[in-house]
Each structure stands twice: as C-alpha cells, then as structure tokens.
Amino acid sequence: MSRPRPIRRWQALSKPQRIELYVRWSLYIVAVAQPLAAFGSVAGAAGREELPTGFRLLLLGVLASGALNIVMFRTGLAAYLGRRSHPYGWTALSAALSVGLALTAMLTGGPLTPDSPTAPAAGVMATMAATCWITAASIALPTRRALLGGLVLVAALTVPPAMAGAHPGAVIGIALGTAIGSTMAAAAARCSAWMAKVVWELDGAREAQARLAVAEERLRFSRDLHDVLGRNLATIALKSELAVQLARRGRPEAVDQMTEVQRIAQDSQREVREVVRGYRTVELHTELIGAASVLRAANVDCRTELAGTDALPAEAQSVLGWVVREAATNVLRHSEAANCSFRLRVSGGTAVLEVENDGVPAVPPSRTEGAGSGLRGLRERLAAHGGTLTAAGPGPGRFRVTAELPMAARESVA
C-alpha cells in the first residue's frame with residue numbers, strides 16, 4: 001500500500017530540512033497570530049458597542065501586516081542561516097505598516113480612556129503589531145539593530161497617543177505589554193532559528209567527517225602503494241645502472257643484474273595487484289576500533305558484539321576488515337545515523353558479520369539496494385574467497401549489511 005504524497009515528501013526530507021520546516025511554520029503561525037488576536041479583540045468590543053466603520057476597516061490592514069510579517073520571517077530566517085543578506089527593505093516596510101496601523105487604531109475612536117469602547121481593541125492591535133514586528137526583526141536583523149528598532153517602534157506607538165491625550169495607564173500598558181510580549185516571543189523565535197542553524201552546521205560537519213574518512217582511506221592506499229613500489233623502484237634503478245656499467249665493460253655479470261631487475265619488477269607487479277584488489281592483510285579488530293572511533297566522532301552511538309574474532313584466519317580477517325571499512329564509510333556518507341552496531345559470530349565454520357544502522361532517508365524506488373560501487377566491490381572480494389554479501393533494510397529507516405565468509409578462505413589468485 002503506497003503512502004500518501006505528503007508522508008512520502010516528509011520522509012524524503014533530511015533531518016535538517018525537517019527541523020527548518022518546523023521552525024519556519026512555527027514562525028508563520030506567530031505572524032498569523034497578530035491578525036487573529038486583533039480580530040478577536042475587535043469582535044469582543046463590537047459585542048458591547050458598535051465601533052466606528054473606519055476602525056473595523058483596519059482589520060484588512062492588519063491582515064496585510066500579518067502577510068507582510070510572514071514574508072519578513074521567511075526572508076529573515078534565510079538571512080539568519082546565511083543564505084541571503086539581511087532584508088532591510090522588508091523590515092522597514094513592515095515597521096512602517098505596523099506603526100501606521102497601530103496609531104490609526106488608537107486614534108480612530110478618539111483618545112484612549114478607560115470608558116472608551118475602542119481602548120481594549122486598539123491596545124491589542126498596537127501591542128500585537130509591535131510584538132510581531134520585533135519578533136521577526138530579532139531574526140532578520142543583527143541583534144543590536146533589532147533592539148534599537150524595537151525601542152524606536154515602542155516609542156513611535158506610545159508618544160503620539162500620549163500627546164493626543166491618551167490615558168497614562170493605557171500608554172504604559174501598551175509599552176509594558178509590548179516589552180514583555182516581544183521579549184518572550186523574540187527569545188523563543190531566535191532560539192528556534194538558532195536550533196535550525198546548529199542542525200545544519202552539524203549536518204555539514206557530518207558530511208565533512210565523511211569526506212575526511214574517504215580522504216583518509218585514499219591516504220592509506222597511497223601509503224600502501226608507496227611502501228610497495230618505493231623500495232623496489234629504487235632497487236630497480238640502482239641495479240639497472242649497475243647493469244649498464246657492467247655491459248659497457250663487457251662483464252658477464254650484467255646479465256645476472258638484469259635478471260634480478262626482471263624478478264623485482266615481477267614481484268612489484270604482483271604486489272601492486274594485491275594492493276589494488278585490497279588483499280593485503282588487515283587486522284579485523286584494528287579496523288573495528290578505527291570504525292567505531294570515526295563513527296563516535298560523528299555523534300553516532302556505535303556498539304560492537306564480537307564472538308570468535310581470534311579464531312579467524314588472517315586472510316578472513318583481512319576480507320572482513322574491508323567490509324567494516326566500507327560499511328562505516330557508507331554510514332557516514334549515505335545516512336543520518338544515530339546508532340550503528342557491528343555484530344560478528346562464527347557458526348558452522350562460517351563467519352557472519354552484520355553491520356546495521358538507522359537514519360536511512362527515503363529513496364526513490366529506482367534505487368535498488370547494493371547499487372553502489374562500494375558494495376559491488378565488497379561482493380567481488382567476498383566471492384573470491386567463497387563468501388557472500390547481502391544488503392537490505394530490516395525496517396523503516398534502517399539498513400543492514402551481512403557478510404558471510406567460510407573460515408577456510410580460498411587463496412586469492414594474483
């Protein structure tokens with residue numbers, strides 16, 4: 001049974017994308033709360049006494065202000081995450097609209113007095129307009145400029161009504177309500193945006209860790225290749241030079257030297273093939289320790305369950321060591337794992353190594369398991385020794401690689 005499209009799209013998102021989507025829509029809800037609160041306040045006041053027509057028309061402007069704040073939250077979050085510059089234009093336009101609506105609401109029905117039917121609705125409009133703008137500015141602007149803009153906005157909302165004869169209690173209430181509400185809302189919004197930024201940074205660190213693991217493997221291969229060829233090439237060069245000198249003098253020993261050069265070249269060719277095919281001896285326990293260390297450095301809880309490791313032949317340990325190395329690299333590169341386990345058991349003359357991890361994102365159906373070149377390479381290595389490799393997902397979001405290798409591994413053919 002196929003899952004609904006929204007669920008499939010959600011599962012296809014990475015963890016940072018999910019966190020950002022949650023934060024983004026939480027901020028949008030904050031922006032929409034302004035017109036909803038204003039509408040509720042106006043509706044309550046209208047139940048007691050009819051409000052001026054111009055005051056009711058301000059609701060349309062409040063809705064426009066809420067939509068503009070959504071744009072401000074959207075561009076502000078992108079700026080906070082470093083994807084664009086600070087949206088000063090949207091911020092200034094939203095501030096102007098918020099102040100204009102709040103002042104119009106407070107002055108439309110006359111001065112704010114305790115017996116005025118418009119006082120509660122006007123106060124809520126002014127407070128919500130300022131609070132929502134300051135909350136959006138805390139993300140869209142640098143901290144100092146957001147704080148300065150908030151102070152200017154509060155002054156712009158309180159000084160004109162006070163000069164127009166508003167009751168001091170109403171002015172103080174608007175100022176305190178805006179200060180307390182905006183502080184709490186801005187702190188919550190800034191923490192949410194910070195959380196999304198940290199998650200993206202951790203995801204980037206995980207990718208960097210995966211690239212470092214691949215680079216380390218390449219360095220290991222280059223060191224192996226240097227160890228194999230460096231000494232042999234130097235020996236070939238010296239013996240070739242000696243053979244040339246002997247040949248010029250007509251000495252028969254030149255033939256022996258060239259025969260030795262031929263032997264060393266053949267040995268080097270064989271050793272290079274062994275390095276390329278990955279058949280050089282690898283100690284399984286060392287590979288497990290290295291893989292666990294790398295995974296834990298990437299904040300992956302790694303567990304190992306080993307039974308019968310010491311009983312494995314050296315060649316079997318080498319082959320399974322490559323499985324551990326490739327599986328750990330895949331966990332870092334192709335998943336967002338929080339847990340990974342390595343289980344080894346020996347039964348019936350066969351060694352079974354299982355590597356299982358979570359955090360596997362949803363993939364399109366066309367991507368079949370084991371389609372990567374890494375798993376194909378492991379299958380070829382195991383097949384050369386009579387072993388098999390299977391890869392499957394035992395459950396949603398999980399992936400398991402199982403390698404089975406006979407204890408009496410066949411010698412590889414050079």
Side-chain angles (χ1 to χ4, degrees), residues 210 213-214 216-218 220-221 224-225 270-288 290-292 294-295 302 304-309 311-335 337 340-361 363-395 397-414:
V214 174
E216 183 180 356
E217 184 59 32
R218 290 174 177 173
R220 184 201 299 257
F221 178 80
D224 290 348
L225 199 60
R270 175 180 55 80
E271 290 176 351
V272 168
R273 285 199 300 265
E274 291 177 356
V275 172
V276 173
R277 294 175 182 176
Y279 290 157
R280 296 192 69 186
T281 301
V282 177
E283 211 278 320
L284 178 59
H285 187 66
T286 302
E287 290 297 326
L288 285 169
V294 171
L295 290 174
C302 185
T304 57
E305 301 175 9
L306 309 179
T309 307
L312 291 176
E315 191 170 4
Q317 290 197 31
S318 177
V319 176
L320 293 179
W322 278 101
V323 176
V324 171
R325 190 180 302 177
E326 179 66 26
T329 302
N330 286 341
V331 171
L332 290 172
R333 295 186 63 183
H334 304 303
S335 73
C340 182
S341 62
F342 295 86
R343 295 186 292 269
L344 175 67
R345 66 180 186 275
V346 179
S347 61
T350 301
V352 180
L353 175 65
E354 293 182 351
V355 183
E356 183 174 345
N357 64 276
D358 60 0
V360 178
V363 297
S366 59
R367 289 184 57 184
T368 58
E369 58 87 11
S373 59
L375 293 181
R376 286 200 300 267
L378 289 180
R379 284 195 176 94
E380 293 173 359
R381 289 191 178 99
L382 287 165
H385 293 77
T388 59
L389 180 78
T390 57
R398 303 191 67 83
F399 191 73
R400 178 191 297 163
V401 174
T402 304
E404 297 184 6
L405 183 67
M407 291 285 287
R410 296 199 302 266
E411 294 293 334
S412 61
V413 180

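Position 1 is the first residue of the sequence, and the numbers go up from there.
When all heavy atoms are compared, the tightest approach of H385 to P406 is O-CD, 3.8 Å. Scanning all heavy atoms of the two residues, the minimum distance from V331 to C340 falls at CG2-SG, 4.2 Å. Nearest heavy-atom pair across L312 and V346 is CD2-CG2, 4.1 Å. Between L295 and A328, the closest heavy-atom pair is CD2-O, 4.1 Å. Looking at every heavy atom in both residues, A403 comes nearest to L320 through CB-CD2, 4.3 Å.
Separating the CH2 atom in W322 from the CG atom in L378 is a distance of 9.0 Å, to the nearest 0.5 Å. The CD atom of E404 sits 6.5 Å away from atom OG1 of T390, with the distance rounded to the nearest 0.5 Å. Atom OG1 of residue T402 and atom CG of residue L389 lie 8.0 Å apart, to the nearest 0.5 angstrom.
Side-chain contact between L344 and L288: absent, with no pair of heavy atoms (C-beta onward) separated by less than 4.5 Å. Using a 4.5 Å heavy-atom cutoff, the side chains of N330 and V401 are not in contact. Residues Q317 and H285 form no side-chain contact, since every pair of their non-hydrogen atoms from C-beta on lies 4.5 Å or further apart.
Side-chain atoms of R343 never come within 3.5 Å of backbone atoms of E305 as a donor-acceptor pair (strictly under, hydrogens ignored).
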